[in-house]
There are 2 protein chains.
Amino acid sequence: MPDVKHFDPDAALEQVMRLFWERGADVTGIADVVQATGLSRSSLYATFGGKERLQAAALGRYLERRSRPVFDALAADRRGLPAIASFFEQLVAARCTGEHARWGCLVTNTHTGAGRELPEVRQVLDAHHAELRAAMRAALTVAAGLGQVRPGLDADAAAETLALLAYGVNLRSRAGADPGDLLAGVRAVLDGFARTVTETATEPVTDTVTEER
Amino acid sequence: MPDVKHFDPDAALEQVMRLFWERGADVTGIADVVQATGLSRSSLYATFGGKERLQAAALGRYLERRSRPVFDALAADRRGLPAIASFFEQLVAARCTGEHARWGCLVTNTHTGAGRELPEVRQVLDAHHAELRAAMRAALTVAAGLGQVRPGLDADAAAETLALLAYGVNLRSRAGADPGDLLAGVRAVLDGFARTVTETATEPVTDTVTEER
DNA sequence: TCTATCTTGGAATAGTCGTTCCAAGTTAGG
DNA sequence: CCTAACTTGGAACGACTATTCCAAGATAGA
């Protein structure tokens, strides 16, 4: 029987993902990957193939390990509009403070990069958008059932709105946007989706967002 | 007296801007710039300096020639919410069809690129955001004066929302998003900002957006 | 322990990157 | 026409790019 790998491919891919996430895949060289992972070029190419396949794998890992769990939590949250508000609060906090501050979102960042034309990458981009929108839609449906939402709201359109808003937050956070501004922008949208003007004015569903500022 | 330039620097910068816009500055080499402009490396460096300064110049030109005129038109538009709806209709159309389809927005694209840390570039990014938000705010103020907007709407927050939404549209359009989805997302926001639920349901301010689909 | 089979480190590949340099060409005032 | 001042084409630079290759090392069944 042959030799086995002297490293953990899963841990290596995790480091590659973080490297591409923080710096951007386009401007990160294989030499950087070698240094960050401690692997040799041979092991890297034998395990992951070339850079394009490595980028696709790292992007797929980001969707599975980073995005999807949050999307699933949102879709499973039974609170309605507060669930969406909570999602954005955590998003802004993660994008503007802590370990990954100003890293943005790897999927969002990839939209403008060179690898966006690769089929494997494009597929992840579209899947990310579909899953984000579906999670938003699910939360909006719950909100509608709880009577939190204004009559006549198009849940599909509103879900698309919130997805686009999340991309905007991700994008601007990478340029060092003020978290207060981002949260204010989120609050204005959710207030617009809420049941009536007076209700949201006296007791807004997004009170927690305001408190975060 | 010395020799004069054998080319038009303004026209050359225009071509560079379009090149960076379509392909991305990071993945566009000086060789590509030389080929696209027809200039020699000597003339290029003598006129614009290195690549970083060239990128900053191209980005500044984009803001001045592409973004600002549209922002100014929005800020000067006295229609209120229809002015904002019209802005987004033109945006989606420009991003998804015609000459610059799937190019996105150069400023939006630059948010995720390598040059985003350069002071000159960062300055343009922030200026772009400030001007976009100010234009949105101006249109919202007009809308409030015309009684088109729901009571209690925070114009600053709503302006931030619309700016973030525009970034989302720009980003997703570069990945080939469906223009109908984008317009639906825009419509949902504007309906939420409009005066009352019943009014926007029977006669939405964003009717023209709906018709575009 | 032997050996087939895989992994590993690191050299080497051809190509591209941004940038610099210089001789040759071009201009316009004197 | 002369010449100072500038522009231009194109070669050349070292540093980097992704990728390939191979000898040496490691492994586990026979």
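Fair warning: this is a prediction, and the values are worked out from it, not measured in the lab. Chain letters run A, B, ... following the sequence lines, proteins first and then strands; every chain starts at 1.
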Compare side-chain N and O positions of [X] against OP1 and OP2 of [N] and report whether any pair is under 4.0 Å apart.
X	N	value
B:Ser42	D:dT8	no
A:Ser40	C:dG9	yes
B:Ser43	D:dT8	yes

Fill in: Candidate nucleotides C:dT26, C:dT5, C:dT8, ranked by approach to the side chain of A:Pro2 - the nearest
C:dT5

Worksheet item: Among C:dT26, C:dT20, D:dT17, which nucleotide sits nearest the side chain of B:Arg41?
Response: C:dT20

Length of the line joining [X]:[atom1] and [N]:[atom2], which is rounded to integer Å:
X	N	atom1	atom2	result
B:Leu39	D:dC6	CG	P	20 Å
B:Phe7	C:dG25	CZ	C1'	16 Å
A:Asp3	D:dG29	CG	P	12 Å
A:Asp26	D:dC16	CG	P	19 Å
A:Lys51	D:dT17	NZ	P	8 Å
B:Tyr45	C:dG18	OH	C1'	4 Å
B:His6	C:dA28	NE2	C1'	12 Å
A:Phe48	C:dT7	CZ	C1'	14 Å

Worksheet item: When all nucleic acid strands are considered with a 4.0 Å heavy-atom cut-off, which category describes A:Thr28: base, sugar-phosphate, or nothing?
Response: sugar-phosphate

Discussion item. Suppose we screen for side chain to side chain contact (heavy atoms under 4.5 Å, CB included). Which residues come up paired with A:Val189, at least two apart in sequence or across chains?
Written reply: A:Thr161, A:Leu162, A:Leu165, A:Phe193, B:Thr161

Item to complete: Applying side chain to side chain contact (heavy atoms under 4.5 Å, CB included) between B:Phe20 and each of B:Thr110, B:Val33, B:Asn109, report the one that passes.
Response: B:Val33

Discussion item. I want to know whether A:His111 and A:Tyr167 have ring centres closer than 6.0 Å.
Written reply: yes

Output side-chain donor-acceptor pairs under 3.5 Å for residues 70-80 of chain B, partner residues at least two apart or in another chain, one line each.
from	atom 1	to	atom 2	distance (Å)
B:Asp77	OD1	B:Arg79	N	3.0
B:Asp77	OD1	B:Arg79	NE	3.1
B:Asp77	OD2	B:Arg79	NE	3.3
B:Asp77	OD2	B:Arg79	NH2	2.9

Item to complete: State plainly whether the residues B:Asp10 and B:Arg61 are in salt-bridge range, i.e. N to O under 4.0 Å.
Response: yes

